[in-house]
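Source: prediction; values computed, not measured.
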Amino acid sequence: MVKRPDVGLCAGKDCRRSDGFRTVERELRRACEVSELSCLDVCDGPVVVLDVRSDDAVVIERVRTRALALELVAHATDGAELSGRVRKRVLSGPKRAKARRRIARAP
């Protein structure tokens, strides 16, 4: 059996209320193992974390459309290159560090 990629989805109150949360969640669950994460406190949600258990996890904010979710699924499953519109949403610096600390504390 092929192992499905692990992705994290912020399940904090603000992310759950964001436009597109249910759509993004549905598309990710079709192809990936989705871990619901407690609030990452970097909200401009929904927030998706690719390769959630890795030290190289990629934290992406504002994933609100089916097209963006499908692009993340393609990247997680096939290694497809991320488009410019997704790369602009990738967190770096202090916000990424903050999210990584919160992920590390998660069970």
Side-chain angles (χ1 to χ4, degrees):
M1 181 175 202
V2 176
K3 185 176 181 317
R4 293 163 38 118
D6 290 326
V7 298
L9 180 63
C10 181
K13 181 173 57 174
D14 290 337
C15 282
R16 283 192 174 278
R17 290 181 182 166
S18 296
D19 291 339
F21 179 84
R22 292 286 170 225
T23 301
V24 170
E25 180 182 37
R26 182 178 54 247
E27 294 304 329
L28 291 174
R29 287 191 187 279
R30 286 184 180 166
C32 304
E33 291 298 323
V34 177
S35 301
E36 289 190 5
L37 304 170
S38 58
C39 182
L40 298 177
D41 202 25
V42 292
C43 281
D44 200 358
V47 177
V48 175
V49 182
L50 299 177
D51 206 9
V52 70
R53 299 296 170 210
S54 165
D55 289 337
D56 297 327
V58 178
V59 183
I60 305 162
E61 65 182 355
R62 297 185 330 266
V63 181
R64 296 180 180 143
T65 65
R66 182 173 186 265
L68 287 173
L70 291 174
E71 187 173 336
L72 296 180
V73 167
H75 176 77
T77 58
D78 303 328
E81 190 70 29
L82 294 176
S83 70
R85 70 184 175 150
V86 173
R87 284 193 308 268
K88 283 192 251 181
R89 297 163 193 247
V90 172
L91 296 180
S92 61
K95 283 183 97 175
R96 180 181 185 275
K98 183 179 195 180
R100 291 290 304 136
R101 282 192 303 274
R102 287 190 174 246
I103 293 166
R105 286 192 299 240

> Under a 4.5 Å side-chain heavy-atom rule over Ile, Leu, Val, Met, Phe, Trp and Tyr, are Val24 and Val34 clustered together?
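They do share one cluster, since a chain of ILVMFWY contacts under 4.5 Å joins Val24 to Val34.
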> Judged by atom type as modelled, is there a donor-acceptor pair below 3.5 Å linking the side chain of Arg62 to the main-chain atoms of Pro46?
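The answer is no, because no donor-acceptor pair under 3.5 Å joins these two groups.
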> Rounded to the nearest 0.5 Å, what separates atom CG in Asp44 from atom CG in Asp14?
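Between atom CG of Asp44 and atom CG of Asp14 there are 10.5 Å.
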> Could Glu36 and Arg29 be called an ion pair, given the rule that one side-chain N must be under 4.0 Å from one carboxylate O?
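Counted as a salt bridge, because a side-chain N and a carboxylate O are separated by less than 4.0 Å.
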> Indicate yes or no for a side-chain donor-acceptor contact from Arg16 to the backbone of Phe21 under 3.5 Å, with no hydrogens or angles considered.
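No, the answer is negative, given that no donor and acceptor are paired below the 3.5 Å cut-off.
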> Evaluate side chain to side chain contact (heavy atoms under 4.5 Å, CB included) for Asp78 paired with Val73, printing each intermediate quantity in order.
CA-CA 8 Å; Asp78 303 328; Val73 167; over 6 Å; no
> Taking Lys98's backbone N and O only, do any of them form a donor-acceptor pair with Arg102's side chain (distance below 3.5 Å, no angle check)?
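No: the side chain of Arg102 does not pair with the backbone of Lys98.
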> Which atom names give the shortest non-hydrogen contact between Arg85 and Arg89, and what distance separates them?
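Taking every non-hydrogen atom into account, O-NE, 3.1 Å.
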> Can you get from Val63 to Leu70 by hopping between Ile, Leu, Val, Met, Phe, Trp and Tyr side chains that sit under 4.5 Å apart?
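Unlinked, Val63 and Leu70 end up in two clusters.
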> With clusters defined by side-chain heavy atoms of hydrophobic residues (ILVMFWY) lying less than 4.5 Å apart, directly or transitively, does Val86 cluster with Leu9?
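Leu9 clusters together with Val86.
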> Distance check, rounded to the nearest 0.5 Å: Cys32 atom SG versus Lys3 atom NZ?
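Cys32 SG to Lys3 NZ: 10.0 Å, rounded to 0.5 Å.
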> Any chance CZ of Arg26 has more than 12 other-residue heavy atoms, nucleotides or ligands included, within less than 6.0 Å?
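Yes, CZ of Arg26 has more than 12 neighbouring heavy atoms, counting only those of other groups under 6.0 Å.
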> Can you tell me which residue among Val58, Leu40, Leu91 is in a side chain to side chain contact (heavy atoms under 4.5 Å, CB included) with Val49?
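Exactly one candidate clears the test, Leu40.
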> For Leu72, which of Val7, Leu82, Thr77 qualifies under side chain to side chain contact (heavy atoms under 4.5 Å, CB included)?
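Testing each of Val7, Leu82, Thr77 against Leu72, the sole residue satisfying side chain to side chain contact (heavy atoms under 4.5 Å, CB included) is Leu82.
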> Arg53 and Ser35: which non-hydrogen atoms are nearest, and at how many Å?
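For Arg53 versus Ser35, the nearest heavy atoms are NH2-OG, 4.1 Å.
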> If every non-hydrogen atom of Cys10 is compared with every non-hydrogen atom of Cys39, which pair is closest and at what distance?
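Smallest interatomic distance, heavy atoms only, reads SG-CA, 3.8 Å.
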> Let me confirm one number: the CZ-CG distance from Arg64 to Asp19, rounded to the nearest 0.5 Å.
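If we round to the nearest 0.5 Å, Arg64:CZ and Asp19:CG are 7.0 Å apart.
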> Report the C-alpha distance between Arg96 and Val90 in whole Å, list the side-chain angles of each, state the deciding distance to 0.1 Å, and finish with yes or no for side chain to side chain contact (heavy atoms under 4.5 Å, CB included).
CA-CA 8 Å; Arg96 180 181 185 275; Val90 172; over 6 Å; no
> Could you check whether any side-chain heavy atom of Leu37 comes within less than 4.5 Å of a side-chain heavy atom of Val52, counting everything from C-beta outward?
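Yes; the side chains approach each other to less than 4.5 Å.
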> Shared ILVMFWY cluster between Val48 and Leu68, side chains joined below 4.5 angstrom?
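Per the 4.5 Å side-chain linkage, Val48 and Leu68 are co-clustered.
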> Between Thr65 and Thr23, is there a side-chain heavy-atom distance shorter than 4.5 Å?
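No, too far: nothing below the 4.5 Å cut-off.
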> Checking the side chain of His75 only, and the main-chain atoms of Glu81 only, is there a donor and an acceptor separated by less than 3.5 Å?
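Between the backbone of Glu81 and the side chain of His75 there is no qualifying donor-acceptor contact (under 3.5 Å).
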> Heavy atoms only: give me the nearest Gly45-Cys15 pair and the separation to one decimal.
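Shortest heavy-atom contact: CA-SG, 3.7 Å.
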